[in-house]
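For reference, the structure discussed in these notes is given below.
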Amino acid sequence: MAVACIGCAGAQPNSSKDTQANEIVKARDKVHAIETAHPGNSVELADALDHLIDVQVDAGVVDAQTLAEVNHEIEVAAAAAGARSKNVVTALGRQAAVLVALNRAAEARPVAERGIEIAEKEFPGSEQHSTVVDALGFVCMRLGDYPCALHAYEVSLAITRKIGGPDNPELMSALNDLGSVKFYMGDLDGANEADEEALAIMYRVSPNDRHIGYLENNLGTHYLKLQKFEKAAEHLNRAHDSLVKSYGPDSSMVMQVNHNLATLYTRTGQFPLAWKAYEFSLENKYETLDVQAMVHALFSLSLAQGGKPARAVQEGLASARISRETFVLQGRTLPERQALAYAATRPHGVDM
């Protein structure tokens, strides 16, 4: 049986990780240059801020400074282009993504809904409309409201198909998102169909795109669920290699793939490799608390199956503590129905 190669990461160079850091520095320098050359609010400044935030979200390195920058983007966009402009809708979508990354998904939902309200009235069927609907889907996914996410992703995909042809690069992201929610809703055939179409478009249109790793990772996860371990290993290997090349061996993106690799190792009885992969994945300081809780829970299950009950209890309790505290945070903000939906999907490490 083919297996993934987590150990191969250490032999890779750090140049890609440095490239990501340099992109963020260059984007921030561009913002400062525009602010110096043209003081005040302008569409150019809003666009530069948007690019800066996009680079950070893409690299998985969102922090408090990113939130301050996206808040500034909204202010600049409203002043320069109008409170109901495309620039503002774009900025609201970015703000929703940043809030989710900072474990504040409950606060992100009304942000995305505000953007949708503007887009539906001012420029329906536009790229900005599709993007902000997609942002709502992302928020709903994190909150466990899968019907909401499914509807949002289907709307976003329909708009994107109308905007461009079958090789529209934006289709890849829309299909990937749709595949993710179908996976979580138990529609594995629908998930694979969406992701296979997305991956085919990417290899046809942009075979060197750094986002290929995301699609390969998703398909690997789907095949894990189907217990097709050779197919899972094939896709997860490619995901790992692609993300190491694009982001560096110690990047948060590679760490995210590692908990899927760890699951593969556990399912194939390679427990020491699984535990090493889980520990590496848990080093990701940018990972959301929901995912951290899930990884601790899966680590606990793997340890129990591999004959390490004492450590399994520790990891299970860590998962339960993180999950409980996150639920308290979301429960204080969300309406009751949405809070209950979140409670039903959050990890429960001590019950695994």
Side-chain angles (χ1 to χ4, degrees), residues 20-102 104-140 142 152-153 155-156 158-160 162-164 168-171 173-174 177 211 286:
Q20 290 297 306
N22 289 337
E23 283 188 21
I24 294 172
V25 171
K26 287 169 60 178
R28 189 165 281 123
D29 286 345
K30 183 176 181 180
V31 169
H32 293 328
I34 291 175
E35 288 177 324
T36 300
H38 307 285
N41 300 313
S42 66
V43 172
E44 290 76 15
L45 177 56
D47 289 341
L49 284 164
D50 188 68
H51 175 65
L52 169 61
I53 295 149
D54 182 34
V55 172
Q56 293 176 78
V57 171
D58 187 54
V61 292
V62 172
D63 55 21
Q65 182 177 359
T66 316
L67 181 59
E69 288 163 344
V70 77
N71 291 342
H72 184 41
E73 179 190 352
I74 293 173
E75 294 172 357
V76 171
R84 299 179 65 82
S85 64
K86 289 183 177 181
N87 290 85
V88 165
V89 169
T90 297
L92 290 170
R94 296 282 187 227
Q95 187 184 47
V98 170
L99 287 168
V100 169
L102 295 175
R104 296 165 61 177
E107 297 173 53
R109 183 161 184 163
V111 171
E113 289 171 340
R114 176 186 163 199
I116 292 172
E117 182 275 323
I118 296 172
E120 286 180 341
K121 290 185 178 179
E122 307 297 339
F123 30 84
S126 64
E127 179 183 346
Q128 290 77 14
H129 184 194
S130 172
T131 300
V132 76
V133 173
D134 182 83
L136 176 63
F138 179 59
V139 173
C140 289
R142 284 305 170 94
Y153 286 149
V155 170
S156 177
I159 295 172
T160 304
K162 288 181 180 179
I163 292 174
N168 178 6
E170 297 301 324
L171 274 177
S173 175
D177 291 336
H211 298 100
Y286 295 104

- Euclidean distance, Ile159 CD1 relative to Glu170 CD, rounded to 0.5 Å: 12.5 Å
- Message: Checking Arg84 now: which residues fulfil side-chain hydrogen bond (donor to acceptor under 3.5 Å, both in side chains) with it, not counting sequence neighbours?
- Response: Glu117, Glu122
- Item | For Ser156, all residues meeting side-chain hydrogen bond (donor to acceptor under 3.5 Å, both in side chains), sequence neighbours excluded | Ser130
- Item | Val43 and Val76, any side-chain heavy atoms less than 4.5 Å apart | no
- Task: Measure across Val70 and Ala91 and return the closest heavy-atom pair with its distance rounded to 0.1 Å.
- Result: CG2-O, 3.8 Å
- Glu107: what forms a salt bridge (Lys or Arg N to Asp or Glu O under 4.0 Å) with it, not counting sequence neighbours? Arg104
- Minimum heavy-atom distance between Val132 and Ala112, given as atom pair plus value: CG2-O, 3.8 Å
- What are the two closest heavy atoms between Ala108 and Val139, and how far apart are they? CB-CG2, 3.7 Å
- Query: Quick one: salt bridge (Lys or Arg N to Asp or Glu O under 4.0 Å) pairs with a partner in residues 59-83, sequence neighbours left out?
  - Reply: Arg28-Glu69
- What's the spacing between His51 NE2 and Ile53 CD1 if we round to 0.5 Å? 11.0 Å
- Item | Non-neighbouring partners of Val25 that pass side-chain contact (heavy atoms from CB on, under 4.5 Å), sequence neighbours left out | Asp29
- Item | Residues which pass side-chain hydrogen bond (donor to acceptor under 3.5 Å, both in side chains) with Asp58, listed by chain and number, not counting sequence neighbours | Arg210, His211, Tyr247
- Looking at CG of Leu67 and CD of Gln56, how far apart are the two atoms once the value is rounded to the nearest 0.5 Å? 11.0 Å
- Note on the structure: Here the gap from Leu102 atom CG to Thr66 atom OG1, rounded to the nearest 0.5 Å, amounts to 7.0 Å
- Query: What distance do Leu92 atom CG and Ile118 atom CD1 have between them, rounded to the nearest 0.5 Å?
  - Reply: 5.5 Å
- Message: What I'd like to find out is whether the side chain of Gln95 reaches to under 4.5 Å of the side chain of Asn71, using heavy atoms alone.
- Response: yes
- Just wondering, do Phe138 and Val100 contact through their side chains at under 4.5 Å, heavy atoms? yes
- Item | Any pair counted as salt bridge (Lys or Arg N to Asp or Glu O under 4.0 Å), so long as it reaches residues 126-140, sequence neighbours left out | none
- Item | Results of side-chain contact (heavy atoms from CB on, under 4.5 Å) for Gln128 - residues two or more places apart only | Lys86, Val89, Thr90, Phe123, Ser126
- For the side chain of His38 and the backbone of Ile34, is there at least one donor-acceptor N/O pair under 3.5 Å apart? no
- Point-to-point distance, once rounded to the nearest 0.5 Å, from CG of Leu171 to CD1 of Ile163: 9.5 Å
- Contacts of type side-chain hydrogen bond (donor to acceptor under 3.5 Å, both in side chains), residue Arg109, not counting sequence neighbours: Glu113, Asp145
- Item | With sequence neighbours excluded, residues passing salt bridge (Lys or Arg N to Asp or Glu O under 4.0 Å) with Arg94 | Asp50, Asp54
- Please identify each residue that fulfils side-chain contact (heavy atoms from CB on, under 4.5 Å) with Ser85, with sequence neighbours left out. Ala81, Asn87, Val88
- Task: Tell me, please, which residues at least two apart from Ala59 pass side-chain contact (heavy atoms from CB on, under 4.5 Å).
- Result: Gln20, Val61
